[in-house]
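Data first, discussion second: the structure below is written as structure tokens.
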Amino acid sequence: MAKYIAARDVWARRTPEDVREAIRLYGKIIGEAPDFAPARAGLAEAWLIYREYGAVSDAQAFGIARIAAQKALSLDPNLASAHRANGFIDYWWDNEPRAAVEAFKRALALDDNDAQTHFWFANILADLGAAKAAERHYTRARLLAPGSQAIAVEHACAQWQAGNDRLAQTMMTELKMRYPADATISNCLAWVYMGLGDIRGYAREYRAMARMRREPEAVRL
């Protein structure tokens with residue numbers, strides 16, 4: 001259990017190095033306890049986050065995550081985090097929003113006090129244009145996990161998705177001052193500036209994001 005807690009802790013920090021360490025730790029746990037379903041679900045989520053840093057292709061990350069999540073469900077059909085991981089894959093890779101929504105509803109029915117589930121469900125709802133529902137889940141996530149950098153950033157980005165460009169700009173700019181090394185902030189700010197018609201601002205933030213994620217092709221672009 002100590003190794004599992006350590007893996008969750010480093011994964012929560014969200015840096016490329018920490019996520020790689022989480023993957024290593026989950027692999028070690030699975031090698032020692034192959035029937036421990038939470039480690040399988042944790043491994044799936046670690047790969048889902050790892051792809052955001054450009055270190056692996058989406059195809060590789062989603063493929064490994066799917067196998068891990070499905071194995072977790074075969075070991076424990078009532079594991080909320082496994083349903084959550086499957087819902088993430090359903091939406092962001094398989095383009096199956098109905099299946100994704102059902103997976104997240106199932107996860108919440110099993111555990112309504114998990115901030116990560118509310119957070120990822122809010123992201124999907126925001127992308128679907130269900131701004132009010134997304135806001136409810138972002139609020140719930142922030143209450144359950146106060147101080148979470150990842151939740152604060154995506155919540156701010158959702159304001160842009162809802163058409164609140166100026167509010168998103170204000171929230172994102174404040175977050176950038178607090179977390180200057182967060183590539184997601186620059187990525188979201190880039191699209192905010194695009195929406196405002198500020199192409200220089202867009203290019204500046206896009207370049208910053210590409211450099212932080214070490215994506216040479218994006219830097220050249």
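What you see is a predicted model, and the numbers here were worked out from it, not measured in a lab. Values below: all heavy atoms of this structure, side chains included; hydrogens, waters and symmetry mates excluded.
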Nearest heavy-atom neighbours spanning [X] and [Y]:
X      : Y      : result
Val10  : Asp18  : O-CB, 3.1 Å
Ala134 : Ala126 : CB-N, 3.6 Å
Ala46  : Val19  : O-CG1, 3.3 Å
Leu48  : Ala65  : CD2-CB, 3.7 Å
Thr184 : Asp182 : N-OD1, 2.9 Å
Ala152 : Leu175 : O-CD1, 3.6 Å

Item to check | Identified ring pair (Phe, Tyr, Trp, His ring centres under 6.0 Å) partner of Phe88 from the options Phe121, Phe119, Trp120 | outcome: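 So the option named by the test is Trp120.
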Does some side-chain heavy atom of [Y] sit less than 4.5 Å from a side-chain heavy atom of [X]?
X      : Y      : value
Leu221 : Glu217 : no
Leu128 : Val101 : yes
Pro38  : Tyr4   : yes
Arg166 : Leu196 : yes
Arg211 : Arg207 : yes
Asp127 : Tyr91  : yes
Asp94  : Arg66  : yes

Next on the checklist: Just checking Glu17: does its CD atom have more than 12 heavy atoms from other residues, nucleotides or ligands closer to it than 6.0 angstrom?
Outcome noted: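 It does: Glu17 CD has more than 12 such atoms within range.
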Checklist entry - In this structure, are over 12 heavy atoms from other groups packed under 6.0 Å from Trp191 atom CH2? => result no
Checklist entry - Is there a donor in the side chain of Tyr138 and an acceptor in the side chain of Asn123, or the other way round, less than 3.5 Å apart? => result yes
Checklist entry - Do Asn113 and His118 meet the criterion of a side-chain donor-acceptor pair at a distance under 3.5 Å? => result no
Checklist entry - Under the side-chain contact (heavy atoms from CB on, under 4.5 Å) test, which residues partner Ile64, sequence neighbours left out? => result Trp47, Gln60
Checklist outcome for this item: Taken in chain and number order and not counting sequence neighbours, the residues that satisfy side-chain contact (heavy atoms from CB on, under 4.5 Å) with Ala59 are Ser57, Trp93
Checklist entry - Under 4.0 Å between a Lys/Arg side-chain N and an Asp/Glu carboxylate O for Asp76 and Arg40? => result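 Between Arg40 and Asp76 there is no salt bridge, as every charged N stays at least 4.0 Å from the carboxylate O atoms.
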Next on the checklist: I'd like to know if Glu21 pairs up with Arg24 as an ion pair, taking the criterion as any Lys NZ or Arg NE/NH1/NH2 lying under 4.0 Å from an Asp or Glu carboxylate oxygen.
Outcome noted: yes
Next on the checklist: Let's go through Phe62 and Trp92 carefully: what are the C-alpha distance in whole Å and the side-chain angles of both, what is the deciding distance for side chain to side chain contact (heavy atoms under 4.5 Å, CB included) to 0.1 Å, and is it a yes or a no?
Outcome noted: CA-CA 9 Å; Phe62 278 111; Trp92 299 109; 4.0 Å; yes
Item to check | Phe36/Ile30 under side chain to side chain contact (heavy atoms under 4.5 Å, CB included): CA gap, chis, key distance, verdict | outcome: CA-CA 7 Å; Phe36 185 52; Ile30 291 167; over 6 Å; no
Checklist entry - Any donor-acceptor pair under 3.5 Å linking the side chain of His155 with the backbone of Glu135? => result no
Item to check | CA sep, side-chain torsions, deciding dist, call: Glu45, Arg8, salt bridge (Lys or Arg N to Asp or Glu O under 4.0 Å) | outcome: CA-CA 10 Å; Glu45 295 187 333; Arg8 296 296 294 172; 3.5 Å; yes
